[in-house]
Amino acid sequence: MQQSDAILQTRGLTVYYGSKQAVSDITLDVARHRITAIIGPSGCGKSTLLRCFNRMNDLIPKSRITGQVLFEGRDLYSPTVDPTEIRYQIGMVFQRPNPFPKSIFDNVAFGPRINGFRGDLAELVESSLARAALWAEVKDRLTSSALALSGGQQQRLCIARALAVQPQVILMDEPCSSLDPIATLAIEDLMRELSADYSIVIVTHNMQQAARVSDYTTFLMGIENRGGQIIEYGETRLIFTNPKDERTEAYITGRFG
Amino acid sequence: MARDTRSLRTSITAKALSLLPRHWKRLLWERLIRLTLAAAAVVSVLTTVGIVSVLLFEAVLFFQEVSILEFLTGTRWTPLFASQHFGILPLITATIITSAGAMLVALPLGLLSAIYLSEYAPDPVRRGLKPVLEVLAGIPTVVYGYFALLFVTPLLRQISPNVSVFNGLSASIVMGIMILPMVSSLSEDAMRAVPRSLREGAYALGSTKLEVSTRVVIPAALSGIAAAFILAISRAVGETMIVAIAAGQNPTFTLNPFVPIETMTAYIVQVSMGDTPTGTLEFKTIFAVGLTLFLLTLMMNLLSQYVVRRFREEYE
Amino acid sequence: MAAASPDFRRRMTRRQWEGRAFHGLCLLAVAVALAMLVLLLVYLARQGLTRVSWEFITSFPSRDPDQAGIKAALLGSIYVVAIAAVVAFTLGVSAAIYLEEYAVRNWRSRIIQVNITNLAGVPSIVYGILGLEIFVRTLGLGRSVLAGGLTMALLVLPIIIIAAQEAIRAVPPSLREGAYALGATRWQAIWHLVLPQAMPGILTGVILAVSRALGETAPLIVMGALTFVPFAPDGPLSRFTVLPIQIFNWTSRPQAGFHEAAAAGIIVLLALLLTMNAAAIVLRNKFQRRPEG
Ligand SMILES: Nc1ncnc2c1ncn2[C@@H]1O[C@H](COP(=O)(O)OP(=O)(O)O)[C@@H](O)[C@H]1O
Ligand SMILES: [Mg+2]
């Protein structure tokens, strides 16, 4: 992969919680306008790695990193970078849907409002909801509470909420793990569609999902007490049909994890 | 622990064996214990019954001689003078001045402190700060009264000569400090109950800490915060010693915080300290005033519980 | 970065400044609260520290401010608080055991629970009226330490019940099941396992309640405690005063000498409270660090 194709890069990234390593020495390129999946057994540091891309780990007091994370070639952790600004350009969808206890409309409008959006807010909300394939279901009850939506709808609302700030990258941390199969399919379709305009990184422990939706796959595994490391990285097609490392093969054929 | 369990086991088995032939006796014993415990629980209900019936009984006697209408709408309160008037409004306005003033201090300071503790303070700082703030709530109110009368009032009188030796302002400020920890502690509890995932959701959209606090955390915790405020007002309304010491004993129908006034609670203290014989109409006023006070605070306490239950956001 | 237009940057800068200002404001609020605490303590120390002495603690009150002491008030406080603690502990823990371990969750137990919550919010002066009517007049105890102690017991009862309920609820159900499985009766399980486990939490509540009783003034004034008592209480039916009332009385006098005596009395009162609360904190920490049974 060419350097210019990568929107996000990590260089020798190690993350600590206190004195404990959660991931170590991660060097990885995330391709522009593609879907990159991060798979691996639970506890191997997938979420930790993902949260480095928008500096969400800053919110955990005991966490610290060494190494580099580059966004468009610029060091995300340089002291001149404001994490708030980063999160504005790199959106995130969480494992459990976390709509704010506000109306559907206000949830989507939240980001644009705090960021001083000056255009037509109603139109932005509509187009964001439409892109998240939720508009048809909620257009008649935009003012009702977001907490009344079903789990799958809530998760699509969270995606719409992330889209409304018009980010360049969307990070998704097991976005379907609390959803039923039908809602999961809807979100996977949505991701495929979004990948035309956005770069997406998705953490999943569902191998079929990684195989179905992603272009590239990273397999992470925890090694002793050094935390998660990249075992294998490449095109999804190749990883799933022709893994080079036997641990990858063992994992994707379901022999552990 | 292991040793305890073992000795317990032997003692229980021994007991069980000796009791087996007289199974009914054990049952009776258990029954007796249960009844005794239930009786203790009933004492708390009897306390309420006692409060309500004492206040009602004596207040009814009082209202046989004084019309309720005069009591509730009269603007002169002079039961201890030769020309008796029984209008409670001066006591009410005094209570409003001191509680509203206290809330003006406690509400902003308490809420901001709560935000600091819940959103900004690193964990060790929070753990150290909270008990220190709660010391403020544990100081006896008579101490605050002393502070208000002998420190705050002279200070205020230096700033403005309009302030009297006894005044509502000084009492309110000090009372505000006293209820501040209540506001901050309860609000902080409510804010910390807001799930972390909501904060993360807002941060992930590029919010600053200010925006996360004011647009996500506070709205989500609003029912708990409102309940804390209501409880704090109720506490201020029922507070006695600060106002009895620093606000005066002059039932004046006014909203001026610089002059001597008399709250409902301070009036009850005044009568109790005096030599008014029990059983007289003058003495019965404390039951009418006490009933008013009780009903007011009860309403606020119930409202606060209702707000928490009714408007609590259910997560997950 | 592509999205960062000059407009966005300007706004971003402003938002950051707002954020910092708000952080400062929050810090300021905490600082004001702490400053008030320090101010209060320093003022009291300057007013009264020189008056605190063994003589001050062991003298009866006097019309001469420099001779006045707190012996009667301190003894009165100890009597009242001791009576209140014993009565409220017995009643409160029993009630809590009943509510947590025996009562079926129905409308009756709900009423008791709501009632306890509301009692905790009743202004203390109202308890004074209750004590006056029930203990002093109806039961004929007179304006005695016993009547005062019982009034205080009712006042702090909700505090103890609520604390004891929480402590009992925190005892893992597996302990009770373990005991039942060995053939223990319900009461045996409570007495041998639940109560010992819950005791640190209960005692924390008791100490909080005792601190409250020690500092309360208004209910005892209404109940009719005296303000000038040149004798030690000599029995449960003796007339009495307590430390906060003595402080109140001295504060209300015009002479500066009495104000100093009041400050000295406050220092003694606060020292007592501090000791008890330190004990409560030690207990609570011990309680919290206890590993799962
Ligand atoms: N806030 C935290 N504090 C301390 N350790 C953490 C924290 N979050 C995660 N960890 C640890 O870091 C490791 C990786 O966690 P995570 O990134 O959540 O893994 P995954 O998402 O792959 O399941 C785990 O061992 C976990 O226990
Ligand atoms: Mg994870």
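All figures in this text were calculated on a predicted structure; none of them were measured in a lab. Lettering of chains follows the sequences in order, A, B, ..., and the numbering in each one begins at 1.
Side-chain contact of Glu100(C) with Gln165(C): a donor-acceptor pair under 3.5 Å is present, judged by distance alone. Judged purely by distance below 3.5 Å, without hydrogens or angles, the side chains of Ser185(B) and Glu188(B) never pair a donor atom with an acceptor atom. Between the side chains of Thr47(B) and Tyr127(C), no donor N or O sits under 3.5 Å from an acceptor N or O.
Leu133(B) and Ala33(C) make their closest contact through CD2-CB, 3.6 Å (heavy atoms, listed as atom of the first residue, atom of the second, distance).
Counting heavy-atom pairs under 4.5 Å between each of Leu150(B), Ile268(B), Val237(B), Leu109(B) and chain C puts Leu150(B) at the top. Heavy-atom pairs under 4.5 Å with chain B were tallied for Ala95(C), Ala31(C), Ser252(C); the largest tally goes to Ala95(C). Per-residue counts of heavy-atom pairs under 4.5 Å with chain B were compared for Leu273(C), Val122(C), Leu40(C); the largest is that of Leu40(C). Top candidate by heavy-atom pairs under 4.5 Å with chain B, chosen from Asn115(C), Leu157(C), Thr251(C), Val30(C), is Asn115(C). Counting heavy-atom pairs closer than 4.5 Å to chain C, the top-ranked of the candidates Leu180(B), Thr36(B), Val43(B), Leu149(B) is Val43(B). Chosen from Gln305(B), Lys209(B), Arg235(B), the residue pairing most often with chain C at heavy-atom distances under 4.5 Å is Gln305(B). Contact tally against chain B (heavy-atom pairs below 4.5 Å) for Leu154(C), Ile112(C), Ile129(C): the top residue is Ile129(C). Note: Cys26(C) leads Cys26(C), Gly215(C), Gly265(C) in heavy-atom pairs under 4.5 Å with chain B. Comparing Met300(B), Glu239(B), Glu58(B) by how many heavy-atom pairs each has under 4.5 Å with chain C, the most go to Glu58(B). Between chain B and the options Leu27(C), Leu270(C), Val32(C), the largest number of non-hydrogen pairs under 4.5 Å is found for Leu27(C).
Salt-bridge check for Glu133(C) with Arg137(C): passed, with a basic side-chain N closer than 4.0 Å to an acidic carboxylate O. With respect to the salt-bridge test (charged N to carboxylate O, under 4.0 angstrom), the residues Arg212(C) and Glu216(C) qualify. A salt bridge does not link Glu101(C) to Arg186(C): none of the charged nitrogens lies less than 4.0 Å from a carboxylate oxygen.
Within the 4.5 angstrom heavy-atom criterion, only side-chain atoms of Leu44(C), from C-beta onward, approach chain B. Using a 4.5 Å cut-off between heavy atoms, Tyr120(B) touches chain C through its side chain atoms alone. Both the backbone and the side chain of Ala263(C) come within contact range of chain B, each with at least one heavy atom under 4.5 Å from a heavy atom of that chain. Proximity to chain C involves both the backbone and the side chain of Thr48(B), based on heavy atoms less than 4.5 angstrom apart. When heavy atoms are compared at a cutoff of 4.5 Å, Leu269(C) approaches chain B solely by way of its side chain, counted from C-beta outward. Heavy-atom distances place no part of Arg108(C) under 4.5 Å from chain B, backbone and side chain included. Contacts of Leu91(C) with chain B are made by both backbone and side-chain atoms, with heavy-atom separations under 4.5 Å. Looking at Leu226(C), neither its backbone nor its side chain comes within 4.5 Å of chain B, counting heavy atoms on both sides. At a 4.5 Å heavy-atom cutoff, the contact between Ile33(B) and chain C is made by side-chain atoms alone. With a threshold of 4.5 angstrom between heavy atoms, Val222(C) approaches chain B through its backbone and through its side chain. Both the backbone and the side chain of Ile221(C) come within less than 4.5 Å of a heavy atom in chain B. Within the 4.5 angstrom heavy-atom criterion, atoms from both the backbone and the side chain of Thr208(B) approach chain C. For Leu119(C), the part lying under 4.5 angstrom from a heavy atom of chain B is the side chain only. Contact annotation for Leu129(B): only side-chain heavy atoms (C-beta onward) come within less than 4.5 Å of a heavy atom of chain C. Contact annotation for Thr214(B): only side-chain heavy atoms (C-beta onward) come within less than 4.5 Å of a heavy atom of chain C. Contacts between Leu55(B) and chain C at a heavy-atom distance below 4.5 Å involve the side chain alone, from C-beta outward. Only the side chain of Ile116(C) comes within contact range of chain B, judged by heavy atoms closer than 4.5 Å. For Glu211(B), the part lying near chain C is the side chain, with the backbone staying farther off; criterion is any non-hydrogen pair under 4.5 Å.
A cation-pi contact, defined as under 6.0 Å to the ring centre and within 45° of the axis, is absent between Arg14(C) and Trp17(C). Remark: Arg253(C) qualifies as a cation-pi partner of Phe258(C) under the 6.0 Å distance and 45° angle criteria applied to the six-membered ring.
Checked against Ile247(C) for a side-chain contact (heavy atoms from CB on, under 4.5 Å), the options Val143(B), Ile245(B), Val142(B) give a single hit: Val142(B).
Side-chain N or O atoms of Thr217(C) include none that pairs as donor or acceptor with a backbone N or O of Ile245(C) at under 3.5 Å. Without hydrogens or angle criteria, Thr276(B) side chain to Ser272(B) main chain gives no donor-acceptor distance under 3.5 Å. Using modelled atom types, one side-chain atom of Thr297(B) and one backbone atom of Phe294(B) make a donor-acceptor pair closer than 3.5 Å.
Annotation for Arg11(C): atom CZ counts as buried by contact number, over 12 foreign heavy atoms lying within 6.0 Å.
Aromatic ring pairs are classed by plane angle as parallel below 30°, tilted from 30° to 60° and perpendicular above 60°; the pair Phe147(B) and Tyr43(C) is perpendicular. Between His259(C) and Tyr146(B), the angle of the ring planes goes over 60°, which puts this pair in the perpendicular group of the 30/60° scheme.
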